[in-house]
There are 2 protein chains.
Amino acid sequence: MTAAPHWVDRAPGLGGLDGQTRRQLEAIRPITIPKGHVLFRPGDEVTCFGVLIGGRVDVYLTGATGREILLYSITPGESCVQSTLGLLGEDDYSAEAVAETDVEAVMIPRSLFLSLLGTSEAFRTFVFQAFAKRLQSVMQVLERVAFIRIEARLAAALLERADDSGLVRATHQELATAIGSVREVISRRLEILSKKGLVSLDRGTIQVASRTGLAALLT
Amino acid sequence: MTAAPHWVDRAPGLGGLDGQTRRQLEAIRPITIPKGHVLFRPGDEVTCFGVLIGGRVDVYLTGATGREILLYSITPGESCVQSTLGLLGEDDYSAEAVAETDVEAVMIPRSLFLSLLGTSEAFRTFVFQAFAKRLQSVMQVLERVAFIRIEARLAAALLERADDSGLVRATHQELATAIGSVREVISRRLEILSKKGLVSLDRGTIQVASRTGLAALLT
DNA sequence: CGGCCTATGTGACCAAGTCACCGACGAATT
DNA sequence: AATTCGTCGGTGACTTGGTCACATAGGCCG
């Protein structure tokens, strides 16, 4: 039988590790986290540096009124930048992370994390690039929320989430959170899109009828 | 006569440099940039890692319509995280940086920057912490724009900018950009605040009359 | 069937942004 | 002093988006 590759080899950014670093990381056993579990909330103390091996974790910013907005999703091979923030800046978490699927992850303790940063160029690069990527993406979220109108953001979200047959499995609430709006607004927009024949609606799903029609709304 | 301290000693985060690193940095001569100069625009290629020694640089995100929102200000001792993004992530600038005062800065070439990251723990910490700080602050901007109503954001901006006597030197347009809104909305809000007796208005300045009154709007 | 949870629909209203234009002030020039 | 010009601020009409309160409606399970 062929053994599954070790998790270190399943994290794309972690190539080029020297032997010692690799052995230190290999010694850590991945843990599994059930779907729906909240990995951390605002105010939680940061104790580990998390690297995702399988599944998906969504990170949300929560407002005082309970409204939430999706900051980014963490996919396999990516690290949790919120942890980096906390470990380096001594701050607590300011966002909330939810396991959207069952999740497999590696938790690197603070002390090892800090030591690897000093000793391993490859590890450092991994952490830095993850950082850069997240800052970019948070800036993009800000740009969209601040400058792009709902119709365009919604169309983009639908196109992004549609599978091969054009089906989007999401509630209006989920779409609203993803683009930083509220359910009622999304419901109304979707109804307009459906009257235009661009989508058809069903409980829990949206069928994209015309990708080109939606794409025309992106400007 | 007493010589002014070298610029390396005027950058708070750069303590604890080893001798070699320090000498490499000391060899770079600061440059001066006149007030109003645009240091970079979206799409510009990143060539250097900038550290600010004196003055203030504001970094804005610009929307398609020309609307701008202040991402953060760079003050002495701080680095330009946009540069870090570009140097590590191979991306071009996505924001615009404007010298708000005459500015004194040190431009560290890409090659030296990358080499120092590998050889100097102190330099690495400096870069990382700057990174963490900016990501935090961009997330805060997003949180405010997405969740906090204009009145509270404006009150916060006024309190933050008021000098000892409560005077704020800013145009309505500047305040609007700082909090991610538009001039007309700010003008109207300010008029309401002035009718409530919390501020008095003049061309180019706002006099805060009641800090406690403004503070009550922050919730 | 009846309860219950979740998803969605809807009207009224409020908050914020857009557009177009006006007037007021001040500095520089004539 | 009068003219010109650029910046700053005021205003009305309108559109978009968010809030609140409540109404339906489907699906699941006892």
Side-chain angles (χ1 to χ4, degrees), chain A residues 36 61-69 141-158 161 167-195 199-207 217 219, chain B residues 35-36 61-69 141-158 167-196 199-207 217-219:
Chain A
L61 197 57
T62 308
T65 60
R67 259 180 72 192
E68 295 193 324
I69 180 170
V141 172
L142 176 57
E143 187 169 357
R144 284 196 255 265
V145 169
F147 300 134
I148 312 282
R149 64 188 195 289
I150 291 285
E151 189 179 50
R153 281 188 270 159
L154 178 57
L158 290 174
R161 289 160 179 252
L167 193 68
V168 178
R169 291 178 198 282
T171 65
H172 299 182
Q173 178 61 61
E174 284 164 357
L175 288 169
T177 297
I179 67 173
S181 179
V182 295
R183 182 188 59 80
E184 297 92 319
V185 171
I186 300 304
S187 289
R188 285 171 180 144
R189 282 286 148 192
L190 283 173
E191 204 198 325
I192 295 172
L193 294 182
S194 117
K195 279 182 181 157
V199 302
S200 54
L201 305 177
D202 239 318
R203 191 183 172 86
T205 63
I206 295 110
Q207 175 66 46
L217 301 176
T219 54
Chain B
K35 173 176 174 173
L61 197 58
T62 307
T65 60
R67 262 180 71 191
E68 295 194 323
I69 180 169
V141 171
L142 175 59
E143 186 170 358
R144 284 196 255 265
V145 170
F147 300 133
I148 312 282
R149 64 190 196 290
I150 292 284
E151 188 179 48
R153 282 189 270 159
L154 177 57
L158 289 173
L167 193 69
V168 178
R169 291 177 197 283
T171 66
H172 298 184
Q173 178 61 60
E174 285 166 356
L175 288 169
T177 297
I179 68 173
S181 180
V182 295
R183 183 187 58 81
E184 296 93 318
V185 171
I186 299 304
S187 289
R188 286 169 179 145
R189 282 286 147 194
L190 282 173
E191 203 198 326
I192 295 172
L193 293 182
S194 119
K195 278 182 181 157
K196 284 196 204 167
V199 302
S200 53
L201 306 177
D202 237 319
R203 192 183 171 86
T205 62
I206 294 110
Q207 174 66 46
L217 301 176
L218 291 183
T219 56

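The sequence lines fix the lettering, A, B, ..., with proteins before strands; numbering per chain opens at 1.
- At whole-Å resolution of the value, CD1 in B:Ile206 and P in D:dG10 are 10 Å apart.
- Side chain of B:Arg153 to main chain of B:Ile148: a donor-acceptor pair is present (N/O by atom type, distance under 3.5 Å, no hydrogens or angles).
- When rounded to the nearest whole Å, the span between CZ of A:Arg183 and C1' of C:dT8 equals 6 Å.
- Here B:Ser187 reaches the OP1 or OP2 of D:dG10: one of its side-chain N or O atoms lies under 4.0 Å away.
- The CG atom of A:Leu201 sits 11.0 Å away from atom NZ of A:Lys195, with the distance rounded to the nearest 0.5 Å.
- Atom pair B:Arg149:CZ and C:dC14:C1' shows a separation of 12 Å (rounding to whole Å applied).
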Pairs under 3.5 angstrom, nitrogen or oxygen only, protein versus nucleotides 18-20 of chain D, please.
residue: D:dG18; atom: OP2; partner: A:Ser181; partner atom: OG; Å: 2.7
residue: D:dT19; atom: O4; partner: A:Arg188; partner atom: NH1; Å: 3.4
residue: D:dC20; atom: N4; partner: A:Glu184; partner atom: OE2; Å: 3.2

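- Atom NE2 in A:His172 sits about 13 Å away from atom C1' in D:dG26, given to the nearest Å.
- Separating the CZ atom of B:Arg169 from the C1' atom of D:dC8 is a distance of 16 Å, rounded to the nearest angstrom.
- If you measure from atom CD1 of B:Ile192 to atom C1' of C:dC14, you get 12 Å, rounded to the nearest angstrom.
- Residues B:Gln173 and B:Thr177 have side chains that bring a donor and an acceptor to within less than 3.5 angstrom of each other.
- Residues A:Leu158 and A:Leu175 have side chains in contact (heavy-atom distance under 4.5 Å, counting atoms from C-beta outward).
- In this structure, CD of A:Glu191 is placed 14 Å from C1' of D:dT24, rounded to the nearest angstrom.
- One distance of note links CG of A:Leu154 with CD1 of A:Ile179; it measures 5.0 Å at 0.5 Å rounding.
- Regarding B:Gln173, its CD atom lies at a distance of 13 Å from the C1' atom of C:dG17, rounded to whole Å.
- The existence of a salt bridge linking B:Glu184 and B:Arg188 is excluded, since no basic side-chain nitrogen approaches an acidic carboxylate oxygen closer than 4.0 Å.
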